[in-house]
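Remember, predicted model here, so these are calculated numbers, not experimental data.
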Amino acid sequence: MKKTYMLIPALTLVISLTGCKPNLDSAKQDVDHYIKDTGLSAYINNIDRDVIYLAEDKPDDTDSYNIDISVDASAMFDDLDRLEQLNYLSAATEYISESAMYPECGQAKCHFGDLTVDTKKNMYSMAIESHEFDETMVVNNDVYEREDLESEKAEVEAGNIDDDIADDDSTEPTVIMADWPKLSPGEKMELIKACIRYEIHEQSSKNTPVKIIGTEEDFVKLIDDRYAEIEGLSQSEQLRMFDSTVAGQLGVMGHTKHLIDFDF
């Protein structure tokens, strides 16, 4: 009788644990149509196939699971600027958190975790239930907050950086390396985008296929590092290199550091 007595609570424990797993199929059925109603749907080829629901491991000190939503999206999402990307994630996460019911989790509780958009080149994520506190988007390992992005956009619109960037991609941006530290983060990003477009145009005019491997953030860091390298050169070399354009340095150093590929 003693052995039978010991097996009963153990069997009860197993049943209780297995009955607490989130029902991800139910979550997909409940939430997919909300995602279809958001602007993100324009970048999703097949919502049934490309939207996946994942349950994070439940911490030992809580009875609540987090349900993450992962979206495979078109590379066109990468072409948006950071504020536009944040706006899409923000609208989608807010709509889901306000409209969708929490997934079924048996005896445990479930909450939404993160919404992640994966373009194969970059991963964008935002907490689904973060709107009461802040709007923060993580791109790969870089963190962007709405307040900062809106401030940077205002700086670009109010500044003179546009005077040095031509309207067409065939004209090289005239900003020189000596002026790089004077630019705000937003101005640097706009300049990098223009320089990349110019580099693609230049190589295309030579019938040389070009593939941009690095992210815009990679190129900003590339120019930051290049500026620091130039500071360590002799005075005559400093004068010569600081007088070169950011676009020229991006083309040369981007290829050297394998952020641009001409031989694919």
| Can we say Lys257 and Asp225 salt-bridge, meaning some charged N sits less than 4.0 Å from an Asp/Glu carboxylate O? | no
| task | Step through the shown structure and confirm whether more than 12 heavy atoms of other residues, nucleotides or ligands are within 6.0 Å of CD on Glu84. | result | yes
| query | Would you say the side-chain atoms of Ser90 pair up with the backbone N or O of Leu86, donor to acceptor, closer than 3.5 Å? | reply | no
| remark: The single option from Val71, Ile44, Leu89 that satisfies side-chain contact (heavy atoms from CB on, under 4.5 Å) with Phe77 is Leu89
| Ion pair present between Lys221 and Glu217, side-chain N to carboxylate O less than 4.0 angstrom? | no
| query | Okay, side chain of Asp68, backbone of Asp114: is any donor-acceptor separation there less than 3.5 Å? | reply | yes
| field | Gap separating the CZ atom of Arg197 from the CD1 atom of Ile200, nearest 0.5 angstrom | value | 9.0 Å
| said: Quick one, Tyr227 and Gln249 - any side-chain contact, counting heavy atoms below 4.5 Å? | reply: no
| task | Salt-bridge test for Glu145 and Arg82: reply yes if a basic N is under 4.0 Å from a carboxylate O, no otherwise. | result | no
| field | From Val31, Asn66, Thr93, residue fulfilling side-chain contact (heavy atoms from CB on, under 4.5 Å) relative to Phe112 | value | Val31
| request: Report yes or no: does Glu187 contribute a side-chain atom to a donor-acceptor pair with the main-chain N or O of Ser184 at less than 3.5 Å? | output: yes
| request: Measure the spacing between OG of Ser244 and CD1 of Ile230 and express it to the nearest 0.5 Å. | output: 5.5 Å
| query | Within the side chain of Asn46, is there an N or O that forms a donor-acceptor pair under 3.5 Å with the backbone of Asp48? | reply | yes
| message | Evaluate Tyr88 against Tyr124 for ring pair (Phe, Tyr, Trp, His ring centres under 6.0 Å), listing each step before the verdict. | response | CA-CA 11 Å; Tyr88 273 108; Tyr124 309 82; over 10 Å; no
| query | Can a salt bridge be assigned to the pair Asp32 and Lys36 using a cut-off of 4.0 Å between side-chain N and carboxylate O? | reply | no
| task | Check Ile69 against Val51 and note the closest heavy-atom contact, atom names and distance. | result | CG2-CG1, 3.8 Å
| said: When you compare the side chain of Ile176 with that of Val246, does any pair of heavy atoms fall below 4.5 Å? | reply: no
| Close side-chain approach of His258 to Ile213, heavy-atom, < 4.5 Å | no
| query | Should we say atom CD of Glu237 is surrounded by more than 12 heavy atoms from elsewhere, each under 6.0 Å from it? | reply | yes
| Flag, side chain of Gln85 to backbone of Leu80, donor-acceptor distance under 3.5 Å | yes
| Just by modelled atom types, is the Leu83 backbone N or O under 3.5 Å from a matching donor or acceptor in the Asn87 side chain? | yes
| request: Please say whether more than 12 non-hydrogen atoms of neighbouring residues, nucleotides or ligands are located less than 6.0 Å from CD in Gln235. | output: no
| query | Any donor and acceptor pair, going by atom type alone, linking the side chain of Asp243 with main-chain N or O of Leu239 inside 3.5 Å? | reply | no
| said: Within this structure, what is the CE-CG distance for the pair Met137 and Leu115, rounded to the nearest 0.5 Å? | reply: 11.5 Å
| task | Please round to the nearest 0.5 Å and tell me the distance separating atom OG1 of Thr136 and atom CE of Met126. | result | 7.0 Å
| said: Given 3.5 Å as the limit, does a donor-acceptor pair link the side chain of Gln238 with the main chain of Leu233, or not? | reply: yes
| query | Linking I/L/V/M/F/W/Y whenever any side-chain heavy atoms sit under 4.5 Å apart, do Val138 and Leu54 land together? | reply | no
| field | side chain to side chain contact (heavy atoms under 4.5 Å, CB included) between Ile212 and Leu259, worked out | value | CA-CA 6 Å; Ile212 304 300; Leu259 298 181; over 6 Å; no
| message | Measuring only between side-chain heavy atoms, which start at C-beta, is Asp72 closer than 4.5 Å to Lys120? | response | yes
| query | Does some side-chain heavy atom of Glu135 sit less than 4.5 Å from a side-chain heavy atom of Glu94? | reply | no
| query | What's the shortest heavy-atom distance between Lys28 and Tyr53, and which atoms? | reply | CA-CE1, 3.3 Å
| said: In the structure I gave you, are the side-chain heavy atoms of Val210 and Glu202 within less than 4.5 Å of one another anywhere? | reply: no
| ILVMFWY network linking Ile47 to Met76, side-chain heavy atoms under 4.5 angstrom | yes
| query | What's the spacing between Glu231 CD and Met177 CE if we round to 0.5 Å? | reply | 9.5 Å
